[in-house]
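Notes follow once the structure below has been shown.
Note that ligands are numbered from 1 as they come in the structure, with each ligand's atoms numbered from 1 the same way. The residues of the chain are indexed from 1 along the displayed sequence.
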Amino acid sequence: MTVAIHFRLARRGARVVRTQVGIVGAGPAGLLLSHLLQLRGIDSVVLEIRSRDYVEQRVRAGVLEQGTVDTLVASGVGERLLREGMVHHGIELRFGGARHRIAFERLVPGRAITVYGQQEVVKDLIEALLKAGREVLFEVSDVTIRGADTARPQIGFTHRGRGLELDCDFVAGCDGFHGVSRDAIPPGVLRYFEKEYPFAWLGVLARVAPSSQELIYSSTDRGFALHSMRTPQVCRFYLQVRAREDIANWPDERVWSELKARLETVPGFTLATGPVLEKGVAAVRSFVAEPMQYGRLYLAGDAAHIVPPTGAKGLNLAVNDVRVLTEALSAWYRGGDTSLLEAYSATCLRRVWRAQHFSWWMTALMHRFDDYDEFDLRLQRSYQEYVARSEAAATSLAENYVGLSLS
Ligand SMILES: Cc1cc2nc3c(=O)[nH]c(=O)nc-3n(C[C@H](O)[C@H](O)[C@H](O)COP(=O)(O)OP(=O)(O)OC[C@H]3O[C@@H](n4cnc5c(N)ncnc54)[C@H](O)[C@@H]3O)c2cc1C
């Protein structure tokens, strides 16, 4: 047990510690994996380079698919989510001076999305793990994975100034796009599929009540804007900006004036403004590493794939990966069945590529590309109108947005 491990480390000065699954990274993927494994009686240790405070305050995703909500609720960490999460039954596309609602309740009956901040999911998971007596080791450094292709992989790390080693049956690389897990796999094993977009997203968190009940995806000549929300008092906005844009070029007044220019494009809509709590620029990219496994090292979440945020899929994919990995590890611990572990990468990649396509498609549908000529712009408008008017096209958007069940 993790608590016992900590006790052993503290009391006896052990340097090598035994656990069943060593997890690198305490983002949604790593924390949820540890939680789901714990429910199956499988021991794990989570190693995180940042502080607990940092990971609990990190503002990122906020749109949870139905399947993600179901997973969190069924595993006992959905109490606050059900109380505070905002269930949405549609989104709005805004272009050509008009609103076009994608009505989930009509197009995909019984399915919806829930708006609940990623940092709230992280807080709920950390609380559940600590309550269950698990310890997540924050502020570790020098994390290295060795022997991934052996039956006893090891993770070396430094914690509170001491060099330690985790001796594991399996390692889960849940350390995001910039982590070390992918690099622990020898060159030539992984194949990378990548796409960099010629723009970035400027994300803004502001203390202001939403100006709309639902998310607004707005496509304009000035570029794309998204009106989202986190709570009834806090909103999240995004602006398409130049790639590698310097945030210093975006004082709050400019942010609000540009958001107004891109969102106040339909009669009767006024964007409410308020104090900016946080803002930053994030690259927009598509990335997949295949396969998501090497020996006994399994990659999950952003460590294996990144999607443009337009489709709101990143966090949901991370949840799906660890759900699949939990089932596979449980089957192995129950009776040595390796079939689900062997299928892990292929199972996850089916959903990953569906999400990649949908995220790329939504991005192309709503953004302004610098190299678009008049012909391209007319094609884009024609497609936007098709999605707004055709029941079949709108249903395709809706079923992808709320999340397809593929595994
Ligand atoms: C600015 C931003 C905005 C986003 N907005 C959205 C959105 O609106 N909708 C959406 O669906 N998705 C969004 N995403 C994507 C979504 O947040 C990610 O897909 C999600 O966080 C993936 O979870 P994860 O656990 O795989 O990775 P992460 O959340 O990145 O967690 C990885 C963890 O590993 C830790 N770590 C890194 N290296 C090491 C190491 N060497 N050792 C130990 N720990 C390490 C990190 O500190 C981190 O805590 C956004 C991402 C960013 C960056």
Side-chain angles (χ1 to χ4, degrees), residues 22-35 45-65 68 113-119 121-122 125-126 136-145 155-159 166 171-184 200-205 215 217 226-230 236-238 247 278-287 289 292 298-322 325 348 352 355 358-359 362 401 403:
I23 300 174
V24 185
L31 292 168
L32 182 61
L33 179 63
S34 181
H35 173 64
V45 173
V46 182
L47 305 175
E48 165 62 48
I49 44 171
R50 300 287 194 165
S51 67
R52 177 178 176 185
D53 199 44
Y54 183 91
V55 300
E56 288 190 341
Q57 300 306 324
R58 189 165 42 194
V59 176
R60 286 183 162 186
V63 173
L64 309 187
E65 292 177 357
T68 297
I113 52 153
T114 300
V115 175
Y116 187 68
Q118 175 170 323
Q119 75 276 22
V121 174
V122 163
L125 285 166
I126 291 175
V136 185
L137 301 184
F138 292 102
E139 298 181 71
V140 305
S141 56
D142 311 320
V143 176
T144 51
I145 300 168
I155 310 175
F157 64 101
T158 302
H159 185 236
L166 269 183
V171 174
C174 303
D175 48 352
F177 184 67
H178 300 287
V180 295
S181 298
R182 263 196 334 271
D183 292 343
W201 272 25
L202 191 164
V204 179
L205 191 73
L215 275 74
Y217 285 77
L226 173 61
H227 175 322
S228 182
M229 59 289 289
R230 289 295 178 266
R236 183 82 167 141
F237 300 97
Y238 291 102
I247 192 67
E278 193 184 308
K279 65 187 172 196
V281 174
V284 177
R285 63 163 70 92
S286 307
F287 169 84
M292 290 168 55
Y298 292 83
L299 302 176
D302 278 16
H305 40 73
I306 298 282
V307 284
T310 330
K313 290 285 167 246
L315 169 59
N316 295 295
L317 284 178
V319 168
N320 188 62
D321 290 349
V322 299
L325 189 53
C348 292
V352 168
F358 176 66
S359 305
M362 276 283 279
Y401 201 88

Region of R60 engaging ligand 1 - heavy atom pairs below 4.0 Å: both
Nearest-0.5 Å distance, OG1 of residue T68 to CG of residue N320: 8.0 Å
Backbone or side-chain N or O of N316 under 3.5 Å from ligand 1 N or O: no
Nitrogen or oxygen atoms of P28 and ligand 1 under 3.5 Å apart: yes
Heavy-atom nearest neighbour in the protein, as seen from atom 1 (C) of ligand 1, with distance rounded to 0.1 Å: A282 CB, 3.8 Å
Heavy-atom closest contact (A312 atom, V63 atom, distance): CB-CB, 3.7 Å
L47 neighbourhood, listing ligand 1 atoms whose heavy-atom distance to it stays under 4.0 Å: 43 (C), 44 (N)
Nearest-0.5 Å distance that lies between atom CG in L64 and atom CD in Q118: 9.0 Å
From G30, A304, S228, A61 - option closest to atom 10 (C) of ligand 1 by heavy atom: A61
Value rounded to 0.5 Å, distance of CD in Q57 from CD in Q119: 7.5 Å
Y238 near ligand 1 by a heavy-atom separation under 4.0 Å: yes
R58 N/O under 3.5 Å from ligand 1 N/O: yes
Proximal atoms of ligand 1 relative to G25 (non-hydrogen, under 4.0 Å): 33 (C), 34 (O), 35 (C), 44 (N)
Value rounded to 0.5 Å, distance of NE2 in H159 from CD in E139: 7.5 Å
Ligand 1 contact on C174 by region, counting heavy-atom pairs under 4.0 Å: backbone
N/O separation below 3.5 Å, E48 to ligand 1: yes
Close approach of G203 to ligand 1, heavy atoms, under 4.0 angstrom: no
Nearest-0.5 Å distance, OH of residue Y401 to CG of residue N316: 9.5 Å
W201 and Y238 aromatic ring geometry - parallel, tilted or perpendicular at 30°/60° bounds: tilted
Inter-residue atom distance T158.OG1 - L47.CG, 0.5 Å rounding: 10.5 Å
Ligand 1 N/O within reach of V24 N/O, cut-off under 3.5 Å: no
Derivation of the side chain to side chain contact (heavy atoms under 4.5 Å, CB included) call for E65 and V319: CA-CA 10 Å; E65 292 177 357; V319 168; over 6 Å; no
Under 3.5 Å: N/O of Q118 near N/O of ligand 1: yes
V143-ligand 1 polar pair, N/O distance under 3.5 Å: no
